[in-house]
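Report on the following structure.
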There are 2 protein chains.
Amino acid sequence: MATATGPARRTPRRRQTAQARRERLTRERVLQSAIELADASGIEALSMRRLGEELGVEAMSLYTHVANKDDLLAGMIDAVFAEITPPSLEAHWKTAMRDRALSVRAALLRHPWATGLMDANAAPGEATLLHHDLVIGCLRGGGFSFAMTAHAFAVLDGYIYGFALQDRSLPFETPEETGDLAQEMLAQFPAGRFPHLAAFMVEHVLKPGYDFGDEFEFGLDLILDALERHRED
Amino acid sequence: MATATGPARRTPRRRQTAQARRERLTRERVLQSAIELADASGIEALSMRRLGEELGVEAMSLYTHVANKDDLLAGMIDAVFAEITPPSLEAHWKTAMRDRALSVRAALLRHPWATGLMDANAAPGEATLLHHDLVIGCLRGGGFSFAMTAHAFAVLDGYIYGFALQDRSLPFETPEETGDLAQEMLAQFPAGRFPHLAAFMVEHVLKPGYDFGDEFEFGLDLILDALERHRED
DNA sequence: ACCTGAACACCGTTCAAGT
DNA sequence: ACCTGAACACCGTTCAAGT
């Protein structure tokens with residue numbers, strides 16, 4: 001009946017949450033659960049107590065696997081980087097950087113809370129460093145000087161993160177919602193107060209088919225094309 | 001002796017903070033004090049209780065002038081936008097957008113906490129709307145179509161905010177610190193683990209005179225030049 | 001109208017104690 | 001080694017009470 005690991009020491013669990021509780025707690029399981037919680041309920045819902053509950057454990061048990069909450073957040077960010085397909089060093093730099101940019105954007109769309117956490121003053125994790133290493137390798141391999149690699153890195157990553165920040169800050173999630181909310185906003189403007197913004201909304205944002213997210217690739221290609229010209233200098 | 005406003009009702013203040021306490025509390029004074037506190041001590045130090053203390057008042061008094069903490073944060077963001085010199089509608093679009101981008105960047109350097117708060121799901125404030133109105137007016141006046149205005153807006157503001165986010169996330173503040181910390185990081189890399197990153201640091205980041213902040217204008221001009229070409233299409 | 005003080009339901013984290 | 005429970009010093013916000 002009892003396995004070789006010892007006699008059954010089954011104290012009845014008082015609290016049983018949706019999350020299956022079985023395997024031992026590990027750092028990976030803690031991070032994964034934290035990411036799921038932040039994805040589902042927002043980063044402000046992520047507390048040590050709530051996360052413990054999700055894992056069927058007291059909050060303090062988490063501290064065995066995580067130094068503190070900042071360490072938890074840093075680990076979550078690094079896990080997001082681990083999800084990103086790094087740039088291939090075999091492909092042409094431009095297609096490699098384009099694919100990688102789309103992969104970063106997809107990851108930030110899956111985990112919107114990650115963008116605002118990028119400041120995490122903690123040291124960058126392994127996955128983050130590896131990602132940066134390959135980006136630099138890709139640009140260097142594509143013929144960029146060190147100085148131009150620094151320029152390209154700053155403008156590309158700045159754009160990618162900034163676009164995610166803008167996207168997240170929009171008060172609407174879907175194109176349909178955009179219409180409703182933009183209309184509402186428009187109605188609240190004192191007449192003639194913001195004429196250019198009003199015209200822009202009426203003539204562009206409120207037209208069917210507009211989706212802010214679609215703007216991403218335009219800016220990305222604009223930057224990549226411009227970088228290509230600079231590389232040839 | 002007593003003024004027309006009534007007899008002196010001076011109850012002795014028990015707590016007196018550095019901040020001079022005199023004038024009546026107003027929304028402006030609350031916002032200004034909150035901004036100063038966030039600038040000086042970081043956004044995580046900004047609590048209602050601490051802000052009240054700074055103003056010589058109990059935390060609950062703040063709620064007369066601010067709906068809740070989210071409203072406080074939204075007000076702070078709008079106050080930062082009010083600091084920005086908006087684009088001139090008289091100047092050439094390119095110089096107007098360049099000056100305005102530098103003004104936004106300067107504001108975000110003065111108030112580093114603002115970048116991460118841009119998501120504030122609250123409705124944008126008056127100063128924010130006015131700023132956006134003038135940016136759109138500037139681009140439209142410069143000959144951009146509505147669609148191209150949307151593109152330009154997304155790529156410019158994305159870059160500006162994203163660069164601020166990157167800048168803030170760097171673990172060093174000054175070029176000198178960069179050297180020290182980069183060296184330290186480098187020393188901790190397992191040998192050969194991040195070869196491109198290591199070479200980049202040794203050959204570029206650690207060279208005297210390197211300052212990440214200097215990258216901003218390169219990317220800005222790259223984008224502005226590329227937009228100019230698109231406008232002419 | 002504006003400010004206060006006590007209270008409530010939360011936080012992150014410590015520490016000593018359990019197994 | 002891992003997990004717990006009580007405790008501490010905080011949060012944002014409510015409410016009834018003061019002036």
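Just so it is clear, the values below take in all heavy atoms, side chains as well, and ignore hydrogens, waters and symmetry mates. So you know, we letter chains A, B, ... as the sequences are listed, proteins then strands, and number each from 1.
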Starting at [atom1] of [X] and ending at [atom2] of [N], how long is that distance when rounded to a whole Å?
| X | N | atom1 | atom2 | answer |
| --- | --- | --- | --- | --- |
| Leu55(B) | dC3(C) | CG | C1' | 13 Å |
| Glu53(B) | dC10(D) | CD | C1' | 13 Å |
| Leu62(B) | dC2(C) | CG | C1' | 12 Å |

_Exam field: side chain Ser103(A) to backbone Thr85(A), donor-acceptor pair closer than 3.5 Å_ = yes

Just the table, please: protein N/O against nucleotides 12-18 of chain D N/O, every pair under 3.5 Å.
{"unit_1": "dG12(D)", "atom_1": "OP1", "unit_2": "Met48(B)", "atom_2": "N", "d": "3.3"}
{"unit_1": "dG12(D)", "atom_1": "OP1", "unit_2": "Lys69(B)", "atom_2": "NZ", "d": "2.9"}
{"unit_1": "dG12(D)", "atom_1": "OP2", "unit_2": "Met48(B)", "atom_2": "N", "d": "2.9"}
{"unit_1": "dG12(D)", "atom_1": "N7", "unit_2": "Arg49(B)", "atom_2": "NH1", "d": "2.3"}
{"unit_1": "dG12(D)", "atom_1": "O6", "unit_2": "Arg49(B)", "atom_2": "NH2", "d": "2.9"}
{"unit_1": "dT13(D)", "atom_1": "OP2", "unit_2": "Tyr63(B)", "atom_2": "OH", "d": "2.8"}
{"unit_1": "dT13(D)", "atom_1": "OP2", "unit_2": "Lys69(B)", "atom_2": "N", "d": "2.8"}

Taking only residues two or more places apart in sequence, or in another chain, which ones meet [X] in a ring-ring contact (aromatic ring centres under 6.0 Å, His included)?
| X | result |
| --- | --- |
| Phe189(B) | Phe194(B) |
| His111(A) | Trp113(A) |
| His65(A) | none |
| Phe200(B) | His204(B) |

*Listed by chain and number, what are the side chain to side chain donor-acceptor pair (under 3.5 Å) partners of Asp157(B), not counting sequence neighbours?*
Arg100(B), Tyr161(B)

_side-chain contact (heavy atoms from CB on, under 4.5 Å) involving Thr128(A) - partner list, sequence neighbours excluded_ = Asp78(A), Phe81(A), Pro124(A), His132(A)

*Tell me, please, which residues at least two apart from Leu109(A) pass side-chain contact (heavy atoms from CB on, under 4.5 Å).*
Arg105(A), Asp167(A)

*Consecutive Watson-Crick or G-U pairs in runs of at least 3, all under 3.5 Å, in which DNA chain D is involved*: C:4-8 with D:12-16, C:12-16 with D:4-8

